[in-house]
Student: 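Here you go, one structure.
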Amino acid sequence: MLNRLILQHAINNKMIDKRLFAVPGIIKILVTLVVLTGLQAFTILFQGIFLAKIIVALWEGTDFISVVSQVVVFAIAFLLRQLLVVFKNSLMAHFSDQAVESYRVQLLAKYAEIGPSVITKSGTGNAVTTLGVGLDNVKNYFQLLLIKVFDLGIIPWLILLYIFFLKWEQGLFLLLIFPVVILFFIILGLAAQSKADAEFANFKNLNNRFVDALRGLPTLKQLGLSQSYGAEIYNISEDYRKTTMRTLRIAITSTFALDFFTTLSIAIVAVFLGFDLMNGKMTLLPALSILVLAPEYFLPLRNFADDYHATLNGKNALTDVLTVIDMPSVPDQELLTLPSWQQDSELNLADVAFSYDTLPTLTNINVTAKGYQKIAIVGESGSGKSTLLKLLGGFLQPNAGSVIVNGQSLPHLTQKSWQQQFFYMPQSPYIFHASLRDNIKFYTPNTDDVTVESAITRAGLSPLVDDLPDGLDTIIGESGRQLSGGQAQRVALARMLLDSKRKVLLFDEPTAHLDIETEVELKQTMAPILANHLVFFATHRLHWLDQMDFVLVMANGEIVETGEPKALLADENSALNHLRHELYRGKLA
Amino acid sequence: MKKIQKLLQNDHWIMPFLRQQKSGLFWSIFLSFMTTFAAGALMFVSGFLISRSAQHPENILIIYVPIVLTRAFGIARPVFRYAQRLVSHNWVLRIVSKTRRRLYESVASTAGSIRGRMQTGDILSLLADDLDRLQNLYLRTLFPLGAGIMLYIFVSIGFGVVNWRFMLWWFFILAIILIVIPLLSLKWNYNGVRRQKALQNQLYTEATDAILGLQDWVLSGRQADLVSRQGKVMSELADVKNKGMKFGWWRDFIIQMLVLLLTITTLIWAGNQFANDRDLVNYIAAFTLAIFPLVDSFVGVNQGVSEASFYEDSITRLNQLPVVKKIESAPIPTNTTVKFDKVTFAYDDKTIIDHLDLTIPTGEKIALLGRSGAGKTTILKLLAGDIKPYQGEVTIGGQSVSQLQPKMSELVAVLDQQAYLFDSTILNNVRMGNIHASDEAVAAAIKQAGLQPLIDALPEGYHTQMREAGARFSGGEQQRFALARILLQAAPIVVLDEPTVSLDPKTEHDVLTQIFSVLQDRTIIWVTHHLTGIENVDKVYFLEAGKFVLSGKPSLLRDESERFKQLLLMDQY
């Protein structure tokens with residue numbers, strides 16, 4: 001019953017996040033924590049009382065030998081109290097590890113489910129932070145916060161009860177001062193917050209200016225301004241200091257209020273006890289007990305306030321984590337049954353439309369693809385090529401229209417079974433921080449080395465392998481050896497070659513940013529790979545048309561023309577030829 | 001431990017600042033000491049006060065002084081703490097300003113002007129983190145340590161006045177708490193902290209692999225692998241951290257046990273020392289109660305010191321930065337012929353530029369083509385003087401580029417892949433090309449770059465804010481702003497480092513046309529990845545393995561070279 005009340009109280013006062021209770025096993029942990037904290041409160045009480053007893057006995061002139069039994073009780077209480085601190089910390093460390101692990105699994109599952117398109121919108125950097133540092137902050141939050149909240153909810157009140165029992169006037173004083181302390185702490189805390197909010201724009205501005213100067217350093221160097229900019233950096237930094245101090249002055253005042261009232265209360269209690277003793281209204285033992293216990297009464301409040309700001313970080317991180325976990329997922333992902341894409345398979349998009357955020361809007365999309373057709377999707381940038389390709393890959397879902405695979409009607413292509421059928425080649429394939437071998441085997445981890453070698457030869461990666469210090473075992477990727485754009489494309493091609501079961505290939509501008517000689521070579525490598533696959537190839541590099549047997553010309557989110565490339569190129573008035581003239585206005589005379 | 005000693009001996013980033021800013025450092029530590037002193041004194045005086053009161057003195061005046069002192073210390077503690085926090089934060093931020101300026105100057109002295117963004121960006125964000133960490137080094141380690149030592153000396157002297165033999169005992173126990181345990185925990189935690197840092201980096205790599213490679217994880221059906229792979233690092237990190245925390249808990253427990261020992265021995269001593277004297281007996285409570293607030297501050301020292309190894313890498317990195325040297329420039333040559341004379345450059349034993357000869361007379365426009373890794377960027381870096389040739393020499397008007405370094409911007413202007421625009425107004429950004437240019441000159445340059453229609457459409461015109469990295473404008477517009485800046489810069493040689501690589505074909509064509517029309521009278525060295533706009537140059541050079549394999553006038557190559565024809569076909573299908 002008492003546990004319940006304490007919990008309820010803590011939740012009502014927003015000291016604990018309600019969301020904590022969704023963590024499995026938390027109730028058991030919290031009950032244990034309440035019991036341990038209760039025990040600890042008693043040890044604190046005993047420690048104080050017996051210390052007072054010993055001092056009084058010595059003050060009265062008693063021999064130390066005669067008070068040994070009291071010293072032993074004092075020592076045991078002291079020892080138990082410190083042991084309980086360690087126990088409580090271990091308990092919560094274990095619990096927060098478990099909680100964070102469960103969040104991590106849910107988070108990854110959700111990220112995998114919503115896919116890169118949604119993540120890109122909220123920022124990949126944010127997602128990486130949430131997954132790494134964010135979860136770490138949540139852990140600290142669980143570790144620190146709960147112990148402090150329960151200390152504050154239990155320890156002062158047991159001490160206060162005892163003080164009331166000793167001398168109710170002092171108890172009443174300490175009880176009344178408590179809300180005053182909290183009130184001032186909150187009022188000044190709010191003032192600090194509003195000051196910080198008011199200065200936030202300023203902070204952000206100063207911080208941006210600094211980052212700006214650092215990021216623009218090569219440009220400053222080019223313009224011959226890099227040396228003289230040091231003074232500017234100093235000025236920015238000094239502005240930053242002044243702004244920070246303006247905010248800190250108030251923030252520190254908030255802690256000052258807490259400090260001031262608690263310390264002064266102890267002084268006042270001492271003085272009043274002094275008067276009462278002089279007037280013979282009380283004896284030394286209860287007076288000294290109260291004096292010893294008064295700092296203990298305020299200690300949990302101080303501890304809570306000390307780390308208050310650190311816990312805010314954790315709270316925000318928890319919000320980020322839970323926002324992701326609570327994101328809606330795409331329904332109906334397992335409707336399609338497609339063992340494998342074959343010569344006679346057929347895919348239709350019927351009157352598909354799509355609009356989302358800043359992506360180009362698509363309307364009236366009708367596409368039919370059969371067997372191992374090679375379909376180019378061409379158009380100017382912003383015409384919707386990539387968006388159409390993302391719909392085909394199921395990375396986005398249409399708002400209207402339907403998708404028909406082998407006669408089976410589906411709301412979208414975000415189908416587990418479809419994802420096993422195709423391979424997607426983006427403009428810059430992602431290279432994992434792993435060995436070249438593991439990167440190539442990514443889609444088929446069980447492939448043997450002989451097969452890998454042959455894929456390497458066919459993907460034109462042999463020169464790279466010869467060049468790497470540890471050959472196939474060289475660690476590549478972000479913090480390893482970096483690959484050039486063309487090499488990354490070849491790694492993706494090798495992945496594609498190893499996975500012969502996937503018969504559908506989606507290409508999204510694979511060579512747009514490569515240098516032209518690399519493009520020529522890559523094209524030679526890629527041409528044979530396209531055979532016996534259904535290919536969708538979005539590009540504005542029109543030379544690829546010689547590898548395709550069908551083309552969709554897009555403009556402003558619509559398919560404006562379809563047909564065989566040769567026929568369309570022959571027709572002077574075709575939309576395809578119109579596009580050619582738009583793209584290649586500056587021809588060599 | 002030795003490493004840290006060595007680090008401090010060779011340090012020229014922390015110690016010089018501490019020496020320069022002595023008074024702020026002193027006040028920060030002194031006020032911190034006074035805070036703890038007042039806390040201890042409050043309990044000392046209150047203990048005395050109520051013990052004395054319990055003896056029922058006839059005259060209230062006898063306890064008048066303790067009453068006043070109790071109140072005074074009660075107020076003094078929060079006031080000292082308040083002042084300490086203000087003084088120390090202000091001091092630390094002041095130091096950070098100075099460190100930041102020095103950091104910037106040091107990095108700026110070595111930053112390259114060609115493709116420097118990636119590396120400098122990474123290095124700088126790393127260094128910015130290091131600055132943050134230094135703040136903690138001061139606030140969490142140095143100040144508490146300084147105050148702790150001051151308190152140590154004070155307490156020892158305080159006891160020494162009463163009883164020197166008992167003083168030795170306190171001296172001994174406090175030495176364990178304040179010196180022995182911190183040193184031991186620094187030593188024992190050292191490897192754990194290093195491992196923790198390594199795992200944190202790994203966690204970041206794994207998280208990046210998880211998010212950026214997400215599509216591959218999903219499409220390959222390896223979600224389960226993803227979860228277990230990332231989980232392994234995470235649980236290892238949790239283990240290491242828990243070990244560190246556990247160490248901290250038990251360390252604090254041991255310190256508390258020493259406090260217990262100190263309390264009991266003090267009780268015994270005080271009982272003996274002050275017994276049987278009606279006046280002195282009141283000091284038993286005074287001494288005993290003062291122990292707890294005093295010892296509290298020593299626990300903080302322990303935490304701060306065991307974190308010290310976290311700062312090691314930061315200090316090492318800062319100390320590895322070069323010391324800025326001033327170089328005098330040779331006079332700017334009037335003739336601006338660029339000449340590479342048998343230039344060779346190698347990196348890691350791999351020859352990148354191989355005995356290369358190249359002469360570009362004033363006003364000539366050339367294009368450099370080649371696969372990635374063929375050495376195009378290296379040629380630009382050699383020209384800009386970012387790197388020095390291994391053999392041979394790069395000259396402008398007969399003067400070696402290394403001697404022209406400080407004034408390079410008067411000779412060579414650069415327009416790269418994504419020109420950087422600063423978070424300021426359009427006017428200020430363009431004026432960076434020549435800070436002495438009049439408003440009219442800036443406006444003229446903007447007009448020449450083809451931006452007049454855009455400016456006219458903006459409500460605030462030239463005074464429109466660019467926002468961070470020019471985020472407000474499209475890629476084509478950003479490149480045009482950079483072009484305007486170069487027009488003002490008026491350097492006779494312009495390097496174009498793939499300036500249109502991130503633009504769509506239509507915008508690319510328009511921007512290139514604009515560039516070549518307004519830079520007619522300048523020398524242009526243009527690195528490009530395909531043949532769009534190639535008709536604008538006088539000569540094309542194809543680079544392969546550090547040598548030119550094909551060069552000539554584009555119109556001639558079109559007729560004579562099969563290879564050139566084939567490439568042209570790719571671009572103009």
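The chains referred to below are lettered A, B, ... by the order of the sequence lines, with proteins before strands, and numbering in each begins at 1. For the numbers below, each heavy atom of this structure counts, side chains included, while hydrogens, waters and symmetry mates do not.
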Student: Ignoring hydrogens and geometry beyond distance, is a side-chain donor-acceptor pair present between B:D216 and A:Y443 at under 3.5 Å?
Tutor: yes
Student: Looking only at side chains, do A:R241 and B:S97 share a donor and an acceptor under 3.5 Å apart?
Tutor: no
Student: Measure A:F64 against the heavy atoms of chain B and call it side chain, backbone, both or neither at under 4.5 Å.
Tutor: side chain
Student: Name the region of B:F274, side chain, backbone, both or neither, that has any atom closer than 4.5 Å to a heavy atom of chain A.
Tutor: neither
Student: A:R81 versus chain B, heavy atoms under 4.5 Å apart: side chain, backbone, both or neither?
Tutor: neither
Student: What is the distance from atom CG of B:L219 to atom CZ of A:F395, rounded to the nearest 0.5 Å?
Tutor: 4.5 Å
Student: Run the salt-bridge test on B:K350 and A:D467 with the 4.0 Å N-O cut-off and return the result as yes or no.
Tutor: yes
Student: Which region of A:R249, side chain (C-beta onward) or backbone (N, CA, C, O), has a non-hydrogen atom less than 4.5 Å from a non-hydrogen atom of chain B, or is it both or neither?
Tutor: both
Student: Enter the distance from A:L51:CG to B:L267:CG here, rounded to the nearest 0.5 Å.
Tutor: 6.0 Å
Student: Taking only residues two or more places apart in sequence or in another chain, which ones pass salt bridge (charged side-chain N to carboxylate O under 4.0 Å, His left out) with A:E232?
Tutor: A:R209
Student: Any side-chain heavy atom of A:L217 sitting closer than 4.5 Å to one from B:Y104?
Tutor: yes
Student: Report the option among A:V71, A:L288, A:V105, A:V85 that has the most heavy-atom pairs separated by less than 4.5 Å from atoms of chain B.
Tutor: A:L288
Student: Compute the centroid of each ring, for A:F442 and then for B:W217, and state whether the two points are separated by less than 6.0 Å.
Tutor: yes
Student: Looking at B:R81 and A:D259, is there a salt bridge between them, counting it only when a charged N and a carboxylate O are closer than 4.0 Å?
Tutor: yes
Student: When you check the side-chain N and O atoms of A:Q82 and B:D252, is any donor under 3.5 Å from an acceptor?
Tutor: no
Student: Checking heavy atoms, do the side chain of A:V100, its backbone, both or neither come under 4.5 Å from chain B?
Tutor: side chain
Student: Using side chain to side chain contact (heavy atoms under 4.5 Å, CB included), reason through A:I266 and B:M43 one step at a time and then give a plain yes or no.
Tutor: CA-CA 9 Å; A:I266 295 169; B:M43 290 317 283; 4.2 Å; yes
Student: Which region of A:P445, side chain (C-beta onward) or backbone (N, CA, C, O), has a non-hydrogen atom less than 4.5 Å from a non-hydrogen atom of chain B, or is it both or neither?
Tutor: side chain
Student: So for B:T288, is it side chain, backbone, both, or neither that comes closer than 4.5 Å to the heavy atoms of chain A?
Tutor: side chain
Student: Would you mind checking which part of A:N89 comes under 4.5 Å of any heavy atom in chain B, side chain (CB onward), backbone (N, CA, C, O), both or neither?
Tutor: both
Student: Less than 4.5 Å to any heavy atom of chain B: does that hold for the side chain of A:P295, its backbone, both, or neither?
Tutor: side chain
Student: Which atom pair, heavy atoms only, marks the closest approach of B:A54 to A:W59?
Tutor: CB-CH2, 3.6 Å
Student: Pick one of side chain, backbone, both or neither for B:M432, based on which atoms fall under 4.5 Å of a heavy atom in chain A.
Tutor: both
Student: Below 4.5 Å from any heavy atom of chain B, which atoms of A:T253 appear? Answer side chain, backbone, both or neither.
Tutor: both
Student: Sort B:L93 into side chain, backbone, both or neither according to what part of it lies under 4.5 angstrom from a heavy atom of chain A.
Tutor: both
Student: So which part of A:D499 gets closer than 4.5 Å to some heavy atom of chain B, the side chain, the backbone, both or neither?
Tutor: neither
Student: Does any heavy atom of chain B fall under 4.5 Å from the side chain of A:I516, the backbone, both, or neither of them?
Tutor: both
Student: Do A:T255 and B:R85 have a side chain donor and acceptor closer than 3.5 Å?
Tutor: yes
Student: Can you say whether A:E380 sits under 4.5 Å from chain B via the side chain, the backbone, both, or neither, judging by heavy atoms?
Tutor: side chain
Student: May I ask you to decide if the ring planes of A:Y229 and B:F422 are parallel, tilted or perpendicular, using 30° and 60° as cut-offs?
Tutor: tilted
Student: Quick check for you: among A:A93, A:S96, A:G230, which has the greatest number of heavy-atom pairs under 4.5 Å with chain B?
Tutor: A:G230
Student: Check each atom of A:L258 against the heavy atoms of chain B and say whether the ones under 4.5 Å are side chain, backbone, both or neither.
Tutor: neither
Student: Measure the spacing between CG of A:D515 and OG of B:S372 and express it to the nearest 0.5 Å.
Tutor: 5.5 Å
Student: At a heavy-atom separation under 4.5 Å, does B:T513 approach chain A through its side chain, its backbone, both, or neither?
Tutor: neither
Student: Is there side-chain contact between B:M570 and A:K523, with at least one heavy-atom pair below 4.5 Å?
Tutor: yes
Student: Go through the steps to decide whether B:R52 and A:M278 satisfy the test side chain to side chain contact (heavy atoms under 4.5 Å, CB included), and finish with yes or no.
Tutor: CA-CA 9 Å; B:R52 184 74 186 88; A:M278 255 185 68; over 6 Å; no
Student: Please enumerate all residues that pass salt bridge (charged side-chain N to carboxylate O under 4.0 Å, His left out) together with A:D136, with sequence neighbours excluded.
Tutor: B:K241
Student: Please look at B:R102 and chain A and tell me whether the side chain, the backbone, both or neither of the residue comes under 4.5 angstrom of a heavy atom of that chain.
Tutor: neither
Student: Name the region of B:N282, side chain, backbone, both or neither, that has any atom closer than 4.5 Å to a heavy atom of chain A.
Tutor: both
